[in-house]
Protein chains: 2
Amino acid sequence: MELRTLRYFVAVAEELHFGRAAVRLHMSQPPLSRAIRKLEHDAGAVLFERSAAGVTLTPAGVVLLEESRALLDRADRMRVRVAAAAGAATLTVGILGDSTDPGAMRLAAAYRRRHPGVEVRIRETDLTDPTCGLRAGLVDVALTRGPFDETGLTVCELRADPVGAVLRADDPLACRDRLTLADLAGRRWFQFPEGTDPSWQSYWNGGEPREGPVVRAVQECLQAVLWNGTVGMTPLGHDHPGELAVVPLTDMAPSRVVAAWNGSDPNPLIRSFVRIATAAYRD
Amino acid sequence: MELRTLRYFVAVAEELHFGRAAVRLHMSQPPLSRAIRKLEHDAGAVLFERSAAGVTLTPAGVVLLEESRALLDRADRMRVRVAAAAGAATLTVGILGDSTDPGAMRLAAAYRRRHPGVEVRIRETDLTDPTCGLRAGLVDVALTRGPFDETGLTVCELRADPVGAVLRADDPLACRDRLTLADLAGRRWFQFPEGTDPSWQSYWNGGEPREGPVVRAVQECLQAVLWNGTVGMTPLGHDHPGELAVVPLTDMAPSRVVAAWNGSDPNPLIRSFVRIATAAYRD
DNA sequence: CAGCAACGATACCCGCGCGGTATCGGCCTC
DNA sequence: GAGGCCGATACCGCGCGGGTATCGTTGCTG
């Protein structure tokens, strides 16, 4: 009955579905089933009722879920407390600047609340650096969007947003309910400055080289659309001024919201941050 | 940072000595050293100061020790709570009857205090069954002494007591400060009834067949010594009537106080019991 | 000062556990 | 009754966590 196993159990107990829990845990379903069986054996109690109707918790499972959450929570705080005692009591979070995602600040606040002893610093960067200063060592963890060059980094997906084209409201295509990249052929797209991560640049240009004004921040993008008829893309689900229209693009891979950090194994402060972020973005 | 690793850490932190901690954990020293190093790496903090003078805890180590104890304690209670929720809320403890070891009852009391939801039943047996009814399925766990046939059981040593010969106070050998089995050659030793575990019988007869009165309980043994001049052995460190003398035997293997249970993996109630027992007997 | 004992670290080996893919079997839907 | 969904099972390969043997440092001792 190790902590890892309890994390598996909590995932299954929350999803009430082995397949989905396995996805959440970034593993395949059979080892998860086996781990739960072993847990049931170790605990000497059946934890789930597997029936055709679905998976439900037994009374023993309910008790274990409650206790496991408390235990894992405590273990997580412990890690951070130890790291803080060792002197690493500051966490610098990089956020993609002018972010249209309001979750980021709330997340930082939640982390502060959970680990009062840790000083959290926020560093916002413009759109020219999708790693938010991770590569330069300016931040411990980046809360950003893909894609970007991940060599030497570890990336954890938090959510995947479909993207849409941003058009002026009076654009002929603005009234369409969906578009493909082909519909936008020949348009001017906004560009990022020289030296920007190529895969990032390429993604937001729909996969091919384009012409257009160079921008550095979200506001500049929007202005470029309004004033010059440039097009661009943005994740769906965020608010934009009324003069702009966002039309879903059906042939674009979704934009992944990710947490990223240097190296492979995060320090406890980062680990806890990612954990909280994962849970926060799940809702 | 799994629970097993934290148990390792607590052992080292309490012993402040890798070798002794390894003994306590029933493992060898190198894997333990490696596990602690890995833990230090995962925690991102040095936990021990290794110097020629010995091993000491760093501030981060102190924090981790405190947190680990709380976490392991909670995990232990969790197991028992889950088992209880699944219906297994009774633990029957077998104790070697007329036990001269006062720890047993106190241990049961401690367990009751720790797990109020679990009903603890005590079953005392006489000296004819060193497994205290374990084989017959009458008890879940036996708190007893070795040696006995361990096939199908799991045995966990709690303590090892040197043994001494029990003699009448006016015996010529009673004034000696130590004896060997050879000194007792030709004496009558008390015997256990037919069918008693052979290795148990053999041990308390000093390794060879003897003649003498058949006894079933400790009191009978003592009476046999007092009235018939029979000799026998007893663990050192317990009180006996003034008419009896106990002289250490230098060539007898110590008598092992053990906890034992059926099968290989104990249910959570038994596991917790053994854990508490191990800690209690360490003092 | 040489020799030794104590103790943690290192090197290396081996078997088991855990995670993977492929497939099965029961049950529901259409 | 065919297909799909979902958990269980079978089987495989690798890495981790155990083991033994040995080293390096330190401090005590004759």
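Model, not experiment: these values are computed from the prediction. FYI, side chains are in, hydrogens and waters are out, and symmetry mates aren't considered; it's all heavy atoms of this structure. Residue numbers start from 1 in every chain, and the chains themselves are labelled A, B, ... in the order their sequence lines are given, proteins ahead of strands.
- Applying the side chain to side chain contact (heavy atoms under 4.5 Å, CB included) rule to B/P266 yields the partners B/W261, B/I270, B/R271; only residues at least two apart in sequence or on another chain are considered.
- Residues B/P31 and A/A35 each lie close to DNA chain C; by heavy-atom proximity, the contact nearer the 5' end of the strand is made by B/P31.
- Rounded to a whole Å, the NE2 atom of B/H41 is 16 Å from the P atom of C/dA9.
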Using distance only, find each side-chain donor-acceptor pair of residues 54-66 of chain A under 3.5 Å and give its atom names and separation, not counting sequence neighbours.
unit_1	atom_1	unit_2	atom_2	d
A/T58	OG1	A/V46	O	2.7
A/T58	OG1	A/L47	O	3.1
A/T58	OG1	A/G61	N	3.1

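- Of the candidate nucleotides D/dT20, C/dT21, C/dA9, C/dA9 has the atom nearest to the side chain of B/R37.
- In this structure B/D42 satisfies the salt bridge (charged side-chain N to carboxylate O under 4.0 Å, His left out) test together with B/K38, sequence neighbours excluded.
- Nucleotide C/dA9 holds its P atom 10 Å from the CZ atom of B/F48, rounded to whole Å.
- Between A/Y8 and A/F18, the gap from one ring centroid to the other reaches at least 6.0 Å.
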Pairs under 3.5 angstrom, nitrogen or oxygen only, protein versus nucleotides 21-28 of chain D, please.
none

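- Taking atom CD of residue A/E40 and atom P of nucleotide D/dG7, one finds them 13 Å apart after rounding to whole Å.
- A/R69 places a side-chain heavy atom less than 4.5 Å from the side chain of A/E14.
- In the set D/dG18, C/dA9, D/dA8, D/dA8 carries the atom at the smallest distance from any side-chain atom of A/S33.
- B/T144 meets the side chain to side chain donor-acceptor pair (under 3.5 Å) test with no other residue; sequence neighbours excluded.
- Here ring-ring contact (aromatic ring centres under 6.0 Å, His included) pairs that include residues 142-164 of chain A, with residues two or more places apart or in two chains, number zero.
- Rounded to an integer number of Å, the gap from CG of A/L32 to P of C/dC18 is 13 Å.
- One can find a donor-acceptor pair under 3.5 Å joining the base of D/dG18 and the side-chain atoms of B/R34.
- The phosphate of D/dA8 has OP1 or OP2 within less than 4.0 Å of a side-chain N or O from A/R50.
- By the salt bridge (charged side-chain N to carboxylate O under 4.0 Å, His left out) test, B/R50 is found to be paired with B/E40, residues two or more places apart in sequence or in another chain being considered.
- The side chain to side chain donor-acceptor pair (under 3.5 Å) contacts involving residues 76-90 of chain A comprise A/D73-A/R77, A/D76-A/R114, A/D76-A/S272, A/R81-B/E67, where partners must be two or more places apart or lie in separate chains.
- Computed from coordinates, the B/I36 CD1 to C/dA9 C1' distance equals 14 Å when rounded to whole Å.
- Summarising the geometry, the separation between CD on A/E2 and P on C/dG17 is reported as 13 Å, rounded to the nearest angstrom.
- Listed by residue number, the members of residues 4-23 of chain B with any heavy atom below 4.0 angstrom from DNA chain C are B/H17, B/F18, B/G19.
- In this structure, CD of B/E49 is placed 14 Å from P of C/dG8, rounded to the nearest angstrom.
- In this structure, B/K38 atom NZ and D/dC16 atom C1' are separated by 9 Å, rounded to whole Å.
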